[in-house]
There are 2 protein chains.
Amino acid sequence: MIAPVTSEEIKAIGRARGEVRYYRPHATLYYEGDPGSDLFTLFSGWAFSFQMLRDGRRQILRFMLPGDVIGVQPDLVGPMDHGVETVTDASACVFRRDALRELLAHDPELSWQLVWLLAHDQALLREHLTGIGRRHVTERLGCLLLEIYHRMARRDMAEGTSCPFPLTQTHLADALGLASAHVSRLLRRLREDGYVTIKSGWLHLHDLDGLTEISQFDDRTLTRRPML
Amino acid sequence: MIAPVTSEEIKAIGRARGEVRYYRPHATLYYEGDPGSDLFTLFSGWAFSFQMLRDGRRQILRFMLPGDVIGVQPDLVGPMDHGVETVTDASACVFRRDALRELLAHDPELSWQLVWLLAHDQALLREHLTGIGRRHVTERLGCLLLEIYHRMARRDMAEGTSCPFPLTQTHLADALGLASAHVSRLLRRLREDGYVTIKSGWLHLHDLDGLTEISQFDDRTLTRRPML
DNA sequence: CGCTTTTTTGAGCTGCCTCAAGCGTGGTGG
DNA sequence: CCACCACGCTTGAGGCAGCTCAAAAAAGCG
């Protein structure tokens, strides 16, 4: 999947001047415990961040779409508290951590943007947390699909009310805190009720407003666009 | 409750030079939708941040203990995506948002620290998210109690394996994504099994190691101390 | 000491899980 | 080009964890 990028992204990438790396699906950008990995801008493809528990349970924290910045989140010194893995073929622009620190010291505007970016990530995490903690599962799933659709639309990567959607139901389940069997049932119901179909790698929202309504979806975090 | 503060906190507060405000329990520092509130350093007392759904369901995102910084998280321009409310009597040092922006421009070191702080908050959120999404409820509760205990201990506000604990079971329930009746049952079991008692505003951990074990508690996020 | 808030406990229910088997599909190699 | 394999999806059956509703006991608080 080759992704167009917006002018903001190109600007950010230019600033970074890192090399570009290419990944296969299911590849690891960095793993939990990694002692200080690099930073990335996802150039094309999808990825996600996650944490594991000892017995293999996995929680997906966030899906990364083209243009997203990866690896700023963690403690900037010290090991990563989460891993990042690709979903599809992907390419990412790398730049070194120490370079960041230097950049920040010389460019207050950049540090402001970095703060903005972190704050934005936090907002997504908060929304996700509230969803898992307090939403009914159907709402939860609906919100996730809508969030992804809107994020894709902002990047001009949607066509009408459809967009590419390479995630498996297992991804969804691990993001939503559910069993994948249950996600299948939920999707069936959404399909039968005429809201959504997922087919050959595309998400189709047949009734965007209806889904927004039944999901109690609130795009408070999405109306504000990332600057970087 | 009057709280001692560590030297780091005093330094941070000095830098901010804001006025100090005093709050009663159950008071609002800012509310969801607040168009750009101020920033705070919690000086004494406990508070928490939360989001509400339309039908009244509440998710507690994070508990704030003395010394914690409040309100940096959100989008630094634009309305707050969450509210903050006190649990106990509390006092907080305020400083204005625009002052922050100016400070950042002139002090790269400070912006570095701010980034650190945001990253640390994110780590807490991630841990919380994984807990709610993928942990069994007993583990979840255990982890929350341990997290709070450790955070208190770091502030020298614990005595042995006990610490002040002003939260109600409803607070715990809303943080963990549970019903409060169920929290009561879980706590009874932890008490009967000799792990924990909560009594007259204090948390007593009778078997810290045991609880850490059965909760699969991992203090990866806590071993790194906040610098600000 | 009376009132409010919190905690405890019970009974019954249901939403989501687990386990498991069958099906569809795309990719690979003969 | 076809056969096979692997992986993801679907669907069923049965179980239990955690919910709701409710009411009583206990613990602050003025």
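All figures in this text were calculated on a predicted structure; none of them were measured in a lab. Lettering follows sequence order; numbering is per chain, from 1.
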Quiz item: Atom CG of B/D55 and atom P of D/dC19: how far apart are they, to the nearest Å?
Solution: 15 Å

Quiz item: With a 4.0 Å cut-off, would you call B/D193 and B/R188 a salt bridge?
Solution: no

Practice problem: Please find out if less than 6.0 Å separates the ring center of B/F165 from that of B/H204. | Solution: no

Quiz item: Salt-bridged, B/D68 to B/R151, with N to O below 4.0 Å?
Solution: yes

Exercise. Using a strict 4.0 Å threshold on nitrogen-to-oxygen distance, state whether A/R134 and B/D174 make a salt bridge.
Key: yes

Exercise. Can you tell me the distance, in whole Å, between the NE2 atom of B/H26 and the P atom of C/dT4?
Key: 16 Å

Quiz prompt | Nearest-angstrom distance from the residue atom CG of B/L176 to C1' of D/dC19 | solution = 15 Å

Practice problem: Look at A/R57 together with B/E139 and state whether they make a salt bridge at an N to O cut-off of under 4.0 Å. | Solution: yes

Quiz item: Are the ring centres of A/H171 and A/F48 closer than 6.0 Å?
Solution: yes

Self-check item: Nucleotide C/dT25, atom P - distance to CD1 of A/I198 in whole Å
Solution: 16 Å

Quiz prompt | Annotated protein contacts, base or backbone, on nucleotides 6-24 of chain C with a non-hydrogen cut-off under 4.0 Å, one of B, S, - each | solution = SSBBBB----SSB------

